[in-house]
Amino acid sequence: MIQKPKGTKDILPMDSYKWAYVENKTKDILENYGFKEIRVPVFEQTELFERGVGDTTDVVQKEMYTFLDKGERSITLRPEGTAGVVRAYIENGMSSLPSPTKMWYMMPMYRYENVQKGRYREFRQIGAEIIGSASYKADVELIVMADQIIKAFNIPGVTLNINSIGCPECRAKYQEALKQFIGKNLETYCDTCKTRFEKNPMRILDCKEKKCKQLNQGAPVIIDYLCEECNTHFENVKKSLDTLKISYIIDPGIVRGLDYYTKTVFEFVSETEGYTVLAGGRYDGLVQELGGQKTEAIGFAMGEDRLIDIFEKYNQTNEVAQKTPSLYIASIGEIAEEKLQNLALALRKNGIYIETDICARSMKASLKYADKTKSKYLLVIGEDEVNTNTAKIKNMQTGEEMDVKLEVENIIKEILK
Ligand code: HAM
């Protein structure tokens, strides 16, 4: 039997309603903050990610699904959404739109990862990007919105961790200090870290190798090297979060695994599961890096698969339930079947969820199926019922039976009572 590729999942009909619930609820919040949906291609030119995400990141060096297409072009399945959204922003001249541009997306992403709990090769993200604001106020609006989204799902034990990783000016000084620290043990680091030392020493801090992680302990942190502007920006973000009573922890260890970040970075971490559910930050240089005007921006992406995993584990709300039929109609005989067809069509056109037998089952099997579908009401039509234009409608939960005229309005009145 052919099986699905490692690190992918099937979202089955008995589970997909949970995904729809999370997506609809998140979408409502995003839209109330003025975000509009954007959809970009699943695959892009590889160069977009090499330049956007950074060619010394784990994502680009180790995790991309890259291939040559039949025209010998190097193509990559998107490992994340921001680079594609920014490319679309530039390519479609969106800087001429009223600024800032606020966009959201729900898209599958592809990373060749070591598959483990919460870490998949195909996973879905719900992301939000604000392009065109340098103000700390954009950081605050975005973090507050992310907090509202996380809280909407009543998930226990999620903390907001924030940090600032400064601008290229602060980074130059910081990188010198970091190189001094790492340089003492460079020979002991893994080969990838060694290649990153000159070009991008900060990436050594997110190496997943055990020995490198140990060597990194006690490394200088960038927050101690912020320039005045970055420091004031970060102070303003923190002050506003305090005012809004959004709890957070300052974690100087957050460096984020993608190169485009500047200034504020943040992660909503599930303490119970030990992974990050939503993460993002400012990326003031990316639009320019990809060929646009200097345009400051900030965004985040929520790992939908991770959120759903936790949601399934802890959420007790009965707001989320699989939709069940309002009415199951069964018929005996040809004339009754005709009546059934007409009634089912008319009721469905009125927005009522109707199930009927489409397998030519016996009445007994049909009623058993009605039970399995968890239909609220049952209506059985035979020749007598057609002749009198009246039938019994049964409440499947209470067993109560009621005479009802076989007219659409009467049936709707009865089942919506
Ligand atoms: P990221 O931290 O790489 O950031 O991913 C964001 C979130 O996606 C993670 O916190 C996690 O919940 C989820 N995620 C990442 N990798 C996997 C995986 N292999 N399996 C399951 N879930 C995963 C970004 O992607 C940035 N583009 C976010 C951003 C948007 N920054 C600014 N704007």
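Because only heavy atoms are used, hydrogens play no part in the values below, and waters and symmetry mates are left out as well, while side chains stay in. Whatever order the structure lists them in is the order used to number ligands and atoms, beginning at 1.
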*Asks:* Measure the distance from atom 3 (O) of ligand 1 to every protein heavy atom, then report the residue, atom name and distance (to 0.1 Å) of the closest one.
*Replies:* R111 NH2, 2.9 Å
*Asks:* Between F311 and F153, what is the ring plane arrangement, given parallel below 30°, perpendicular above 60°, and tilted in between?
*Replies:*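 Correct class here is perpendicular.
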*Asks:* Measure Y275 to ligand 1 on non-hydrogen atoms and call it side chain, backbone, both or neither using the 4.0 Å cut-off.
*Replies:* neither
*Asks:* What atoms of ligand 1 come within less than 4.0 Å of a heavy atom belonging to Q125?
*Replies:*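 So the atoms of ligand 1 that pass are 5 (O), 6 (C), 7 (C), 8 (O), 24 (C), 25 (O).
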*Asks:* Provide, to 0.1 Å, the distance between atom 31 (N) of ligand 1 and the closest protein heavy atom, together with that atom's residue and name.
*Replies:*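 Sorting protein heavy atoms by distance from atom 31 (N) of ligand 1 puts Y261 OH, 2.6 Å first.
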*Asks:* For the pair E63 and K208, find out whether any cationic side-chain nitrogen is under 4.0 Å from an anionic carboxylate oxygen.
*Replies:* yes
*Asks:* State the atoms of ligand 1, each with its element, that fall below the 4.0 Å cut-off from a heavy-atom position in E80.
*Replies:* 25 (O), 26 (C), 27 (N)
*Asks:* Are K27 and E23 within salt-bridge range, i.e. N to O under 4.0 Å?
*Replies:* no
*Asks:* Going by heavy atoms, is L258 under 4.0 Å from ligand 1?
*Replies:*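 So L258 counts as touching ligand 1.
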*Asks:* To the nearest 0.1 Å, how far is atom 15 (C) of ligand 1 from its closest protein heavy atom, and which atom is that?
*Replies:* F123 CE1, 3.6 Å
*Asks:* For ligand 1, note which part of I298 has a heavy atom under 4.0 Å away: side chain, backbone, both or neither.
*Replies:*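 The answer is neither; I298 stays 4.0 Å or more away.
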*Asks:* State the atoms of ligand 1, each with its element, that fall below the 4.0 Å cut-off from a heavy-atom position in Y260.
*Replies:*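 Listed by number with element, the hits are 26 (C), 27 (N), 31 (N).
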*Asks:* If you measure from each non-hydrogen atom of T276 to ligand 1, which part falls under 4.0 Å: side chain, backbone, both or neither?
*Replies:*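 Answer for T276: both.
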*Asks:* Got the closest protein heavy atom to atom 30 (C) of ligand 1, with its distance?
*Replies:* T82 OG1, 3.0 Å
*Asks:* Could you list the atoms of ligand 1 found under 4.0 angstrom from a heavy atom of V277?
*Replies:*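 Numbered from 1, ligand 1 contributes 12 (O).
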*Asks:* Do I308 and I11 have side-chain heavy atoms sitting under 4.5 Å apart?
*Replies:*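 In short, these two side chains do not touch, never coming nearer than 4.5 Å.
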*Asks:* Testing the basics here: between I222 and Y174, what is the closest heavy-atom pair and its distance to 0.1 Å?
*Replies:* N-CE1, 3.4 Å
*Asks:* Go through ligand 1 atom by atom and flag the ones less than 4.0 Å from a non-hydrogen atom of R256.
*Replies:* 1 (P), 2 (O), 4 (O)
*Asks:* Salt bridge or not for R87 and E44, using N-O below 4.0 Å?
*Replies:* yes
*Asks:* Is it true that R256 and E267 make a salt bridge, defined as a side-chain N closer than 4.0 Å to a carboxylate O?
*Replies:* yes
*Asks:* Suppose the criterion is ring pair (Phe, Tyr, Trp, His ring centres under 6.0 Å): which pairs have a residue in residues 245-302, not counting sequence neighbours?
*Replies:* Y260-Y283
*Asks:* What atoms of ligand 1 come within less than 4.0 Å of a heavy atom belonging to G280?
*Replies:* 31 (N)
*Asks:* What part of E129, side chain from CB on, backbone N/CA/C/O, both or neither, has a heavy atom under 4.0 Å from ligand 1?
*Replies:*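 For E129, the contact with ligand 1 is made by the side chain alone.
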*Asks:* Considering heavy atoms of the protein only, find what lies nearest to atom 13 (C) of ligand 1 and give residue, atom and distance to 0.1 Å.
*Replies:* G303 CA, 3.6 Å
*Asks:* Salt-bridge test for K62 and E113: reply yes if a basic N is under 4.0 Å from a carboxylate O, no otherwise.
*Replies:*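 No, no charged N to carboxylate O under 4.0 Å.
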*Asks:* Salt bridge check: are D371 and K368 linked by an N-O gap of less than 4.0 Å?
*Replies:* no
*Asks:* Would you mind listing which atoms of ligand 1 come within a distance below 4.0 Å of any non-hydrogen atom of Y120?
*Replies:* 18 (C), 19 (N), 20 (N), 21 (C)
*Asks:* If you look only at distance, which donor and acceptor atoms sit under 3.5 Å apart when one is on a side chain in residues 285-298 and the other is two or more places apart or in another chain?
*Replies:*
from : atom 1 : to   : atom 2 : distance (Å)
K294 : NZ     : E296 : OE2    : 2.9
T295 : OG1    : Q293 : O      : 2.9

*Asks:* Within a distance under 4.0 Å of any heavy atom of G118, pick out the atoms of ligand 1 and give their elements.
*Replies:* 20 (N), 21 (C), 22 (N)
*Asks:* What I want to know is whether R119 and ligand 1 share at least one N or O pair that is separated by under 3.5 angstrom.
*Replies:*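 No, no N or O pair falls under 3.5 Å.
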*Asks:* Is any NZ, NE, NH1 or NH2 atom of the basic residue among R124 and E122 found under 4.0 Å from an Asp or Glu carboxylate oxygen of the other?
*Replies:*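 A salt bridge is present here (some side-chain N lies under 4.0 Å from a carboxylate O).
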